[in-house]
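Below, read A as the first sequence line, B as the second, and so on, with proteins coming before strands; counting in each chain starts at 1. Just so it is clear, the values below take in all heavy atoms, side chains as well, and ignore hydrogens, waters and symmetry mates.
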Amino acid sequence: MNYFPDEVLEHIFDFVGSHKDRNSVSQVCKLWYRIESYSRQKVFVGNCYAIGPERVAERFSGLKSITLKGKPHFADFNLVPPDWGGFVYPWIEAFARSRVGLEELRLKRMVVSDESLELLSRSFPNFKSLVLVSCEGFTTDGLAAVAAYCRQLKELDLQENDVEDHRGHWLSCFPESSTSLVSLNFACLKGDINLPALERLVARSPNLKSLRLSRAVPLDVLQRILIRAPQLLDLGVGSYLHDPDSENYNKLVTAIQKCKSVRSLSGFLDVAPHCLSAFHIICPNLTSLNLSYAPGIYDNELIKLLRHCHKLQRLWILDCIGDKGLEVVASTCKDLEELRVFPSDPYVGQAAVTEEGLVAISRGCQKLNSILYFCQQMTNAALITVAKNCPNFVRFRLCILDPTKPDAVTQQPLDEGFGAIVQACKDLKRLSLSGLLTDQVFLYIGMYAEQLEMLSIAFAGDSDKGMQYVLKGCKKLRKLEIRDSPFGNAALLMDVAKYETMRSLWMSSCEVTLGGCKALAKRMPGLNVEIINENDQMEFVGGCDDDRQKVEKMYLYRTLAGQRRDAPEFVWTL
Amino acid sequence: MEGGVAYENGLNFKATELTLGLPGSGETEGQGGVRNNNKRPMPTPETNEEESQAQAQIVGWPPIRSYRKNSLQASGMYVKVSMDGAPYLRKIDLKVYRDYPELLKALEAMFKFAAGVYSEREGYKGSEYVPTYEDKDGDWMLVGDVPWDMFMSSCKRLRIMKGSEARGLGCGV
């Protein structure tokens, strides 16, 4: 390979797509490192504090697209205090200074200020794509800047962000000359929308393929939009409240019939629980359906809709579908690969699905490889059956609403059930456990889960042995997050070098002490060991008292950037 | 640990498990849930209500994004409920109930009354109290006449009528 000129190597590397593969390629020799670095256009940074933006810009001079993830995963569930960190501004500023030709920015769990959006929109003339998932810190004013100044914008995709809404004028900030939009998703916005501006924008965007509306978009506007954009592949309905006898509804039916290309349907954020039959005509074409924000669709209406969805590959649904509804899915959706069943009432916690629904799905959907299932109860027998029926799981996440509930029939721990899953599913990369679990389940995980990269543990295990089995056995582990489990210093300190092979470790409400964390930090300077000390629970005293102080929340991660300088008062880096 | 049951795929993990106990010392732990770790919620048998209250007190559980939690809560259909003679009104979320029996049960519990048996012909028989609602047109209707879906989308407020006023609505007492 060394006899080829650089351009040939570069061309060959073009075919190497995944980040993992490109990382491997870059480690072969200095020449390959150099060529791979300047030819890599898409960079993935799984932890924004693992490396500094200047270094990224310097190494990847051809960088066009970057994905950044900020807060630890458990921040999604309010376990991380606000102001913890994860700010995107320094990245945008550094890239602007280094004149990076940024075209795409994808962020997850980061704090995005209006200021950073304004800087973004003014610094990168070729900027095309902004995707924000589970982010916060910005308002619709920031969106207005993006709309106004990103002349080549193709994609604005806002998924489940907490956005302060200053009303709907941001949509009218797209200039009349802006005709390049391919994807627009503002479903998570809560405020009013400038509806005429939206209609005009859709009318002048012939390449629009994906459109997800917020609740503020009523039925008559939807109908007019669909008439203008029959080429849509992905539609998120905003509000679906109407009178079935009205003329608007009839017009809508006609408009939907023209949308023969729609493959993905979502939304129904406000919905009257009848007359979804207008959509039955496009259901047979759907490969993706997300009704997880539509608690108004259930029982017969839901079943009728699902019976038309023969080609579904991905289904996100609420648990009001019930076990019976899941049986319908099992018999109708033979191509199903991913299923997510969310709780429709998180506060009361009376989920409507049990192990029976899961078993039915496993019997009917042989191609299933990814599941997230919130349920009332589970049994070992069911999990064993599921493992036998579906050995292809890559992601398996089970959440029993009562986190320490045993097998509903035998009252035993669910160790054997999860053991069967990890043993059967040789490609399992992500696993979330729940229910009554002892150290035994971790023995199985350490023994069988050879490809496991991410493990989420809550209220499980009996002793340090549990965590030790996992650390010893799971060679490919990248992210480990644990809450409310009796793992302490012996487990934490068993193999400190392991943490440099992982992205991060989160432990909250466990048995680790300040002394243990300090010892770890001392031995591993390549890690940031952060303690979150809310409400001044702890004192940084030192001495033997450290071993009596339990650490409520610890987050450690490997890094090349050293201690972060933006940590708030309540975060100590040891 | 507990186990030793034969499974579908013939695995018996008990034979290969590691324990620190002496050979032959099997331990049992009652319901399999009594632990020393006082961080866990107690897995004792409780009524459904207590159980869900205990769950509600665990921070960050169930593990769903706050965005999702907030939007499901926000999508409730809250209506005022008044009862003749009661000093103050209550509010309920109609979306919580699946059908009329569930709604009536909740109202009966909330205001401590019995609604009687509903029939299309005679309304609510056997009770002084009659559940009524104000619909979109401003008319006062008897709860139970129209399909549940239609009721949900047209009900603006509820009123539990009592006594002589209720007789006009077909109360059979």
Asks: Looking at Phe77(A), I'd like to know if the NZ or CZ of Arg65(B) sits under 6.0 Å from its six-membered ring centre while staying within 45 degrees of the ring's axis.
Replies: no
Asks: Over all heavy atoms of both residues, which pair between Pro63(B) and Phe374(A) is shortest? Give the atoms and the distance, please.
Replies: O-CZ, 3.4 Å
Asks: Would you mind checking which part of Asp162(A) comes under 4.5 Å of any heavy atom in chain B, side chain (CB onward), backbone (N, CA, C, O), both or neither?
Replies: neither
Asks: Once you round to the nearest 0.5 Å, how far does CD1 of Ile58(B) lie from CG of Asp402(A)?
Replies: 7.5 Å
Asks: Against chain B, work out which of Ser456(A), Ala458(A), Ser292(A) has the most heavy-atom pairs shorter than 4.5 Å and name it.
Replies: Ser292(A)
Asks: Counting only non-hydrogen atoms closer than 4.5 Å, does Arg483(A) touch chain B with its backbone (N, CA, C, O), its side chain (CB onward), both, or neither?
Replies: side chain
Asks: A quick test of your reading: do over 12 heavy atoms of other residues, nucleotides or ligands sit less than 6.0 Å from CG of Asp139(B)?
Replies: yes
Asks: Give me the atom names and distance for the closest heavy-atom approach of Ala187(A) to Tyr67(B).
Replies: O-OH, 4.0 Å
Asks: Contact part of Asp407(A) toward chain B, heavy-atom cut-off under 4.5 Å: side chain, backbone, both or neither?
Replies: neither
Asks: To the nearest 0.5 angstrom, please state how far the OG atom of Ser71(B) sits from the CD atom of Glu160(A).
Replies: 7.5 Å
Asks: Less than 4.5 Å to any heavy atom of chain B: does that hold for the side chain of Ile400(A), its backbone, both, or neither?
Replies: backbone
Asks: To the nearest 0.5 angstrom, please state how far the SG atom of Cys188(A) sits from the CZ atom of Arg68(B).
Replies: 12.5 Å
Asks: By a 4.5 Å heavy-atom criterion (distance strictly below it), what part of Arg109(A) contacts chain B: side chain, backbone, both, or neither?
Replies: side chain
Asks: Of the non-hydrogen atoms in Leu79(A) and Val59(B), which two are nearest, and what is the gap between them?
Replies: CD2-CG1, 3.9 Å
Asks: Using heavy-atom distances under 4.5 Å, tell me whether Phe342(A) contacts chain B through its side chain, its backbone, both, or neither.
Replies: side chain
